[in-house]
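Read the structure below first, then the notes.
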Amino acid sequence: MPGSMPAVFIGHGNPMNTLLDNAYTRGWAAIGRGDSRPKAVLSVSAHWYIPGTSVTAMPAPRTIHDFGGFPQELYRIDYPAPGDPGLAEHVRDLLAPMSVGSDGDWGLDHGT
């Protein structure tokens, strides 16, 4: 299909990558400078502290700092990525018949 982007898996690594300049962060920067711009990004996270599976279904999810023992500078970083409740519902539909909830409280963890 012309114009489609590949699916990729990239683990978030150490939260300190947010503050560092290294091969990992330079690789992410190179991807960001590319010509392709996705309409959406689907991130799968194990940082939910709830039973079951849910999708983030809010227009403006907050940044969750669910880690400890790092410099205070890291806790001040906010990532105001837009959410898309309609797309979240579509993802829920695609995962059927698996039971998937819609979450309007948690937000985006540091790995996202």
Side-chain angles (χ1 to χ4, degrees):
M1 172 179 351
S4 62
M5 295 180 70
V8 297
F9 169 81
I10 302 171
H12 70 67
N14 185 323
M16 287 298 295
N17 281 318
T18 305
L19 305 176
L20 301 175
D21 176 17
N22 57 35
Y24 182 87
T25 61
R26 288 189 295 276
W28 270 109
I31 291 169
R33 287 190 300 272
D35 292 334
S36 298
R37 293 284 185 251
K39 293 179 183 175
V41 174
L42 175 64
S43 176
V44 179
S45 173
H47 288 258
W48 285 56
Y49 301 107
I50 60 172
T53 301
S54 292
V55 293
T56 301
M58 63 197 84
R62 65 189 174 109
T63 302
I64 306 297
H65 299 98
D66 60 340
F67 50 80
F70 292 95
Q72 283 302 309
E73 182 180 7
L74 198 55
Y75 298 90
R76 290 190 291 269
I77 292 175
D78 185 41
Y79 184 66
D84 186 333
L87 180 58
E89 187 66 28
H90 180 65
V91 169
R92 287 184 67 228
D93 292 344
L94 290 171
L95 293 171
M98 186 171 112
S99 177
V100 177
S102 291
D103 182 81
D105 295 318
W106 182 241
L108 302 176
D109 68 68
H110 70 276
T112 306

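The analysis underlying the following values was restricted to heavy atoms, covering all of them including side chains, and did not include hydrogens, waters or symmetry mates. Position 1 is the first residue of the sequence; numbering continues from there.
For the pair Thr63 (side chain) and Tyr79 (backbone), a donor-acceptor distance under 3.5 Å is present.
Evaluation of the side chain to side chain donor-acceptor pair (under 3.5 Å) test over residues 15-24, restricted to residues two or more places apart or in two chains, returns Asn17-Asn22, Asp21-Arg26, Asn22-Thr25, Tyr24-Trp28.
Side-chain contact between Arg62 and Asp78 is absent, with no heavy atoms from C-beta onward closer than 4.5 Å.
Under the 4.5 Å side-chain heavy-atom criterion for Ile, Leu, Val, Met, Phe, Trp and Tyr, Met98 and Val91 are members of the same hydrophobic cluster.
Here the shortest heavy-atom pairing between Pro61 and Ala81 reads CD-O, 3.5 Å. Listed here is the closest heavy atom pair of Ala40 and Leu87: CB-CD2, 3.3 Å. Contact between Trp106 and Asp66 at its shortest, heavy atoms only, is CZ2-OD2, 4.4 Å.
With Arg92 as reference, Ser102 is the one residue of Ser54, Ser99, Ser102 to meet the side-chain contact (heavy atoms from CB on, under 4.5 Å) rule.
Taking Ile, Leu, Val, Met, Phe, Trp and Tyr as hydrophobic and joining them when side-chain heavy atoms fall under 4.5 Å apart, one finds Met16 in a cluster with Leu19, Leu20, Phe67, Phe70, Leu74, Tyr75, Ile77.
A search for side chain to side chain donor-acceptor pair (under 3.5 Å) contacts involving Asp84 returns nothing, not counting sequence neighbours.
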